[in-house]
Enquirer: 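I have a structure here, written as structure tokens, and I will follow up with some questions on it.
Letters go in sequence order (proteins before strands), and every chain restarts at 1. Reckoned from all heavy atoms, side chains included, excluding hydrogens, waters and symmetry mates.
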Amino acid sequence: LAKTTQPISMDSYEGQEVNITCSHNNIATNDYITWYQQFPSQGPRFIIQGYKTKVTNEVASLFIPADRKSSTLSLPRVSLSDTAVYYCLVGSRYNNNDMRFGAGTRLTVKP
Amino acid sequence: DSGVTQTPKHLITATGQRVTLRCSPRSGDLSVYWYQQSLDQGLQFLIHYYNGEERAKGNILERFSAQQFPDLHSELNLSSLELGDSALYFCASIPRGENEQFFGPGTRLTVL
């Protein structure tokens with residue numbers, strides 16, 4: 001399973017765009033990149049998943065360069081309620097035996 | 001609501017005791033993953049079951065064991081409990097052919 005590296009923490013202010021980058025140098029051909037959000041004392045919640053280029057949904061965008069060795073989660077116009085830990089996970093859809101989350105990025109949104 | 005259920009929600013017990021945590025995956029999901037999350041720590045993968053068979057082990061202690069039953073629910077057994085076992089325990093399930101995990105609400109275990 002590809003190892004991921006993320007910043008430990010980030011601070012932002014309400015209304016700003018936040019970009020969190022994840023490095024995954026050993027990503028395999030069949031691996032997808034998935035981001036999760038976790039609030040205190042709750043289970044992680046799926047945000048977005050992508051394989052290459054750009055994916056956008058109602059809450060975030062995911063940018064993946066051509067070499068796929070990194071990815072960037074973009075949260076537009078964050079609010080205080082976006083304060084959470086964000087995890088990047090890399091794995092195959094066809095061999096998902098082993099799911100290892102990294103330390104995650106603790107995002108704090110300030111007023 | 002993710003569709004994954006976990007019981008009990010809270011569990012308080014003493015050192016040396018044994019407890020069983022239960023997880024029911026989403027309807028139709030064959031995979032169950034167990035995770036441990038200590039205070040302010042990341043998620044530690046413990047074990048993965050698929051359709052009743054163990055598929056992968058992570059950082060699971062020998063004092064811990066798990067199984068998945070024919071109805072696909074899973075149990076995580078923790079024995080000879082120590083203070084350091086106090087944590088949130090999550091299970092997650094994945095639809096077949098996908099790798100988006102749906103997490104349950106967790107069981108908070110407190111060992112006194």
Side-chain angles (χ1 to χ4, degrees), chain A residues 1-9 20 22 24 27-51 55 57 59-60 62 71 73 83-108, chain B residues 1-6 9-10 21 23-26 29-51 53-60 68 86-110:
Chain A
L1 193 71
K3 180 180 177 181
T4 60
T5 304
Q6 304 173 233
I8 296 294
S9 63
I20 306 174
C22 178
H24 28 79
I27 189 168
T29 303
N30 291 329
D31 286 345
Y32 281 73
I33 300 152
T34 310
W35 285 81
Y36 291 84
Q37 175 192 56
Q38 186 182 26
F39 298 113
S41 298
Q42 295 185 25
R45 184 174 67 101
F46 171 88
I47 301 175
I48 197 166
Q49 184 180 82
Y51 183 80
V55 179
N57 62 22
V59 297
L62 179 59
S71 58
L73 173 72
T83 294
V85 178
Y86 293 82
Y87 294 96
C88 162
L89 194 64
V90 173
S92 170
R93 283 186 173 180
Y94 309 105
N95 181 21
N96 51 24
N97 286 332
D98 192 343
M99 293 287 189
R100 297 182 190 262
F101 283 75
T105 298
R106 185 177 297 275
L107 172 66
T108 302
Chain B
D1 185 358
S2 67
V4 177
T5 61
Q6 289 187 249
K9 194 176 176 76
H10 300 279
L21 313 183
C23 168
S24 292
R26 295 181 343 139
D29 290 356
L30 303 180
S31 280
V32 171
Y33 296 77
W34 284 98
Y35 295 88
Q36 178 193 55
Q37 188 170 42
S38 302
L39 188 63
D40 292 331
Q41 298 294 312
L43 288 157
Q44 296 293 319
F45 166 69
L46 295 178
I47 198 164
H48 168 216
Y49 275 84
Y50 180 84
N51 201 21
E53 293 185 3
E54 180 187 303
R55 283 294 182 90
K57 271 187 175 180
N59 300 322
I60 189 166
Q68 187 179 27
S86 295
L88 270 166
Y89 291 84
F90 292 104
C91 74
S93 70
I94 294 183
R96 194 182 313 184
E98 302 290 335
N99 63 355
E100 174 189 341
Q101 296 186 64
F102 292 85
F103 281 81
T107 293
R108 181 175 294 280
L109 173 66
T110 302

Enquirer: Does A:Phe46 have any ring-ring contact (aromatic ring centres under 6.0 Å, His included) partners at least two apart in sequence or in another chain, and if so, which?
Expert: none
Enquirer: Can you confirm whether the side chains of B:His48 and B:Ser31 place a donor and an acceptor under 3.5 Å from each other?
Expert: yes
Enquirer: Where on B:Gln37 is there a heavy atom nearer than 4.5 Å to chain A: the side chain, the backbone, both, or neither?
Expert: side chain
Enquirer: Got a donor-acceptor contact below 3.5 angstrom from the B:Ser2 side chain to the B:Phe103 backbone?
Expert: yes
Enquirer: Are the side chain of B:Gln36 and the backbone of B:Leu46 linked by a donor-acceptor contact shorter than 3.5 Å?
Expert: no
Enquirer: Report yes or no: does B:Gln68 contribute a side-chain atom to a donor-acceptor pair with the main-chain N or O of B:Leu30 at less than 3.5 Å?
Expert: yes
Enquirer: Chain A heavy atoms under 4.5 Å from B:Tyr35: which part of the residue, side chain, backbone, both or neither?
Expert: side chain
Enquirer: Which region of B:Arg108, side chain (C-beta onward) or backbone (N, CA, C, O), has a non-hydrogen atom less than 4.5 Å from a non-hydrogen atom of chain A, or is it both or neither?
Expert: side chain
Enquirer: Relative to chain A, which segment of B:Leu43 carries a heavy atom at a distance below 4.5 Å: side chain, backbone, both, or neither?
Expert: both
Enquirer: Please classify the contact between A:Arg45 and chain B as side chain, backbone, both or neither, with a heavy-atom cut-off of under 4.5 Å.
Expert: neither
